[in-house]
Visitor: 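What follows is a structure written as structure tokens; I'll ask about it next.
Naming: A, B, ... by sequence-line order, numbering from 1 per chain.
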There are 2 protein chains.
Amino acid sequence: MDHLPLDRVIEGDCRQILASLPDRSVDMIFADPPYNLQLGGELTRPDNSKVDAVTDAWDKFASLADYDAFTRAWLAECHRVLKDDGTLWVIGSYHNIFRVGAALQDIGYWILNDIVWRKANPMPNFKGTRFTNAHETLIWCAKSPEARYTFNYDAMKALNEDLQMRSDWLLPICSGGERVKTDGQKAHSTQKPEALLHRAILAASNPGDVILDPFFGSGTTGAVAKRLGRHFVGIEREPRYIRVALERIGAVTPLDAKAQAVTTSRKAEPRVPFGSLVEAGIVQPGTVLVDPSRRHSARVRADGSLATRDASGSIHQIGAHVLGAPACNGWTFWHVEHKGQLVPIDAFRQQVRAQMSAAA
Amino acid sequence: MDHLPLDRVIEGDCRQILASLPDRSVDMIFADPPYNLQLGGELTRPDNSKVDAVTDAWDKFASLADYDAFTRAWLAECHRVLKDDGTLWVIGSYHNIFRVGAALQDIGYWILNDIVWRKANPMPNFKGTRFTNAHETLIWCAKSPEARYTFNYDAMKALNEDLQMRSDWLLPICSGGERVKTDGQKAHSTQKPEALLHRAILAASNPGDVILDPFFGSGTTGAVAKRLGRHFVGIEREPRYIRVALERIGAVTPLDAKAQAVTTSRKAEPRVPFGSLVEAGIVQPGTVLVDPSRRHSARVRADGSLATRDASGSIHQIGAHVLGAPACNGWTFWHVEHKGQLVPIDAFRQQVRAQMSAAA
DNA sequence: CAATCAGGTGAATCGACTC
DNA sequence: AGAGTCGATTCACCTGATT
């Protein structure tokens, strides 16, 4: 394949399908791999198993190695398929997540966060033999330490009532009407809640981006991607899951652009040099600027630089200079006296930006 | 050494010291190994103050392979020294915990739980580049799948207001009077809170048991073990840490047997951000909210912020904005039209809280 | 004396762009 | 490619001084 089939599900083993996809073509990958693909009865075996110890050890070694080989194969292909500034999410539990994490690091991925999905309503530990296993772990990583990945910091902050979003997320498991059923039975045994995908996709992608899910299952990634105006590419081995997923996604209506929009960072806003405020006559040359405590002052010159008794330079340089600090944001440090009130010069920058956007 | 030197700290590299200890001699091991952080330049807060980073020589490794070799060496010795029904705890962060977990499984340990220590007061992400790294991970494991390990289920349940103790623990970081200082400086850069050790030791050992800590540091394991009537064996490379730890432990008085089980945890009503309602699909992005008089309206966006014609922000900010008021409780101000009735969004919050209350 | 405020700090893989 | 410059960015809790 020399191009990506957008908004479709490709049937097959993800290792082979991934190998057919072009280099550096997707913006984000969300992967919910099998937790114990080759480990046979390990999950269902009770703790007081009567299996012969030697055989058990050999079995375990062999199956861990198999699981590692499988994991490293699909993760390596994902690394190739991902754009240089794209990011990868993997979800797992203590059965597999350590092997996944070590493989990620060995391949060269750069871990950005490990995220804990705290389940609001986990399955209790019936036997009382361990702590209630009440969480799963996601690893979020970039292709390399130098990658300039997407992180919608302000949108995440908005989602959390204006506090930084933390690495522990409290979300209910998927149940009720959200749980896809066929003939009254749950269609997939490990369907993930849409809220989890909503947060991951909103955090690490933008509208129009391409999101790949190599273990598509019941299609949660596709459903949320479509709703949020992203494209999806699914890979799934089992035809019955593909049928379920396509039907489910077909019923999803994308949000309109306004509802998809999120709180943006000031970093993304157009840069306005202080000099353009002087040119526009919003700040007159000769104006005296002061800091909030009125301990420091500086005078505006015709070229937009500031001058004190002993130095001159940009608003940032002179701010740092009077503070004796290594750096300073002059926009928020310097103020103009206006009717007895101190107004930060940043307020005037907003004014210029509004004029610019009206003209655009 | 053919016997264990109880309640002492042995000076030296833990790989060598462990090799000198007898087989199957300790009941529990708690290990807080170097995390192998890979920090770049120096980090400053928004107020330009400098973050005191962990730059200790003991956390430096030449490569991932070196770190793995070190990790596998001490974990293999621990496996030999541990009694057959003993358990091992290791704490780490995303920098090292995946490598530790994979090594544990390869050596033959049987993972019982991964535990998330949710920090009540983590350091923020000052640059707004990632999710706040607000937790660390502990892995708790037995020597083999067949081991009959100690788990004080009822003590843990009592600690958690008669609900099963979950795998996510909310605890403050070590600060204030508990933080050991020498000459006004913190004596160890990564001292762990005693509450964390209290819970681990209470869960997985009995009075009189021997608890080994191969990275003894400031001696938190020893202090809590002594207080709870367990024996400790510490291993530590740096003489200055040993001096600090011994002085600290000397000041600890063991609790009498009755007092050992009495500790309570407090539970607060979980904060539910408006964004959670959007993620959960209870309020759709694009929904129009109105105030009781229907004079004002705003539109919900995908990140839980509200947008009017000229502004965007939190439910509280936009409420205040349209009112021209300094503040506003968005939960009671904003309503959704439902079958001709206006329902305050606060009603939906109650719904989410009910789903989440079990996890708080 | 109680309340308030200023200041400090914690295992952190913590920029983006131009020249 | 390396240096220079702009300018964005923090939460919970503790301590000690001040009101």
Side-chain angles (χ1 to χ4, degrees), chain A residues 85 105 109-114 141-142 144-149 151 153-154 157 160-167 264-269 271-275 293 304 313-317 319-320 326-334 345-346 349, chain B residues 32-56 58-61 64 91-97 117-137 170-179 181 184-186 188-193 215 217:
Chain A
D85 293 335
Q105 292 178 309
Y109 286 99
W110 190 245
I111 298 180
L112 300 169
N113 281 111
D114 59 334
C141 53
S144 75
E146 300 79 29
R148 291 183 301 183
Y149 53 89
F151 177 54
Y153 172 77
D154 292 278
K157 200 171 170 180
N160 195 36
E161 294 205 324
D162 283 331
L163 291 177
Q164 289 190 338
M165 185 69 81
R166 296 169 40 119
S167 55
T264 54
S265 164
R266 301 173 67 189
K267 288 178 197 169
E269 294 188 68
R271 205 172 67 85
V272 175
F274 181 66
S293 70
S314 73
I315 53 172
H316 314 296
Q317 288 168 336
C328 170
N329 184 342
W331 288 109
T332 51
F333 180 72
W334 293 113
I345 57 176
D346 199 33
R349 180 169 60 162
Chain B
D32 181 12
Y35 288 7
N36 191 26
L37 297 182
Q38 290 162 50
L39 307 180
E42 69 178 31
L43 178 65
T44 55
R45 298 182 168 83
D47 65 2
N48 285 324
S49 66
K50 208 175 117 187
V51 172
D52 184 19
V54 177
T55 51
D56 308 75
W58 48 253
D59 198 44
K60 300 267 187 287
F61 291 82
L64 279 180
I91 183 167
S93 66
Y94 67 85
H95 309 85
N96 71 320
I97 199 66
W117 167 28
R118 301 173 51 219
K119 299 183 185 183
N121 46 349
M123 194 184 301
N125 183 294
F126 295 116
K127 303 296 188 197
T129 54
R130 303 179 178 193
F131 298 98
T132 304
N133 190 8
H135 74 277
E136 294 188 21
T137 301
L170 179 63
L171 298 170
I173 61 174
C174 179
S175 67
E178 188 186 323
R179 190 91 197 197
K181 304 215 166 106
Q185 301 287 316
K186 55 187 176 189
H188 193 284
S189 58
T190 69
Q191 183 182 342
K192 294 294 176 289
F215 304 94

Visitor: In whole angstroms, how far is the C1' atom of dC11(D) from the CZ atom of Arg166(A)?
Guide: 9 Å

Visitor: Side chain of Lys192(B), backbone of Thr190(B): donor and acceptor closer than 3.5 Å?
Guide: yes

Visitor: With rounding to the closest Å, how many angstrom separate the P atoms on dA8(D) and dT18(C)?
Guide: 15 Å

Visitor: What dot-bracket string describes DNA chain D from 5' to 3', counting Watson-Crick and G-U wobble pairs whose defining distances are under 3.5 Å, with [ ] for crossing pairs and | for pairs to another strand?
Guide: .|||||....|||||||||

Visitor: Rounding to an integer number of angstrom, what distance separates dT15(D) and dA11(C) when you compare their P atoms?
Guide: 16 Å

Visitor: Could you give the distance from OG1 (Thr264(A)) to OH (Tyr153(A)), rounded to the nearest 0.5 Å?
Guide: 14.0 Å

Visitor: Taking the P atom in each of dT10(D) and dA16(C), what is the distance between them to the nearest angstrom?
Guide: 15 Å

Visitor: Could you state the interatomic distance from CD1 (Ile91(B)) to CH2 (Trp117(B)), rounded to the nearest 0.5 Å?
Guide: 5.5 Å

Visitor: Quick test of your reading of the model: are Asp154(A) and Lys157(A) salt-bridged, counting only N-O distances below 4.0 Å?
Guide: no

Visitor: Indicate the ring-plane relationship of His188(B) and Trp58(B), choosing parallel, tilted or perpendicular according to the 30° and 60° boundaries.
Guide: parallel

Visitor: With hydrogens left out and only the distance checked, is there a donor-acceptor pair under 3.5 Å joining Arg349(A)'s side chain and the base of dG7(D)?
Guide: no

Visitor: Here's a test of your reading of the structure: between Trp58(B) and Gly40(B), which maps to the more 5' nucleotide of DNA chain C?
Guide: Trp58(B)

Visitor: Expressed as a whole number of angstroms, how long is the span from Lys267(A):NZ to dC14(C):P?
Guide: 13 Å

Visitor: Going by ring centres under 5.5 Å and near-parallel planes (under 30°), is Trp110(A) stacked on dT13(C)?
Guide: yes

Visitor: Do Ser93(B) and His95(B) pass the side chain to side chain donor-acceptor pair (under 3.5 Å) test, and can you show the C-alpha distance, the side-chain angles, and the key distance before you say yes or no?
Guide: CA-CA 5 Å; Ser93(B) 66; His95(B) 309 85; 2.6 Å; yes

Visitor: When the P atoms of dC14(C) and dG4(D) are compared, how many Å lie between them, rounded to an integer?
Guide: 22 Å

Visitor: For Phe274(A) and Pro124(B), find the nucleotide of DNA chain D closest to each by heavy atoms; which residue's nucleotide sits nearer the 5' end?
Guide: Phe274(A)

Visitor: How many Å lie between CH2 on Trp331(A) and C1' on dT5(D), as a whole number?
Guide: 14 Å

Visitor: Does dC6(D) have OP1 or OP2 under 4.0 Å away from a side-chain N or O of Ser314(A)?
Guide: yes

Visitor: What's the gap between dT9(D) and dA12(C) when it is taken at their C1' atoms, as a whole Å value?
Guide: 14 Å

Visitor: Looking only at atom P, what distance separates dC19(C) and dG7(D), rounded to whole Å?
Guide: 14 Å

Visitor: Check whether any side-chain N or O of Asn329(A) sits under 4.0 Å from OP1 or OP2 of dA8(D), and answer yes or no.
Guide: yes

Visitor: Pick the nucleotide of DNA chain C nearest each of Arg148(A) and Lys127(B); which residue has the one closer to the 5' end?
Guide: Lys127(B)

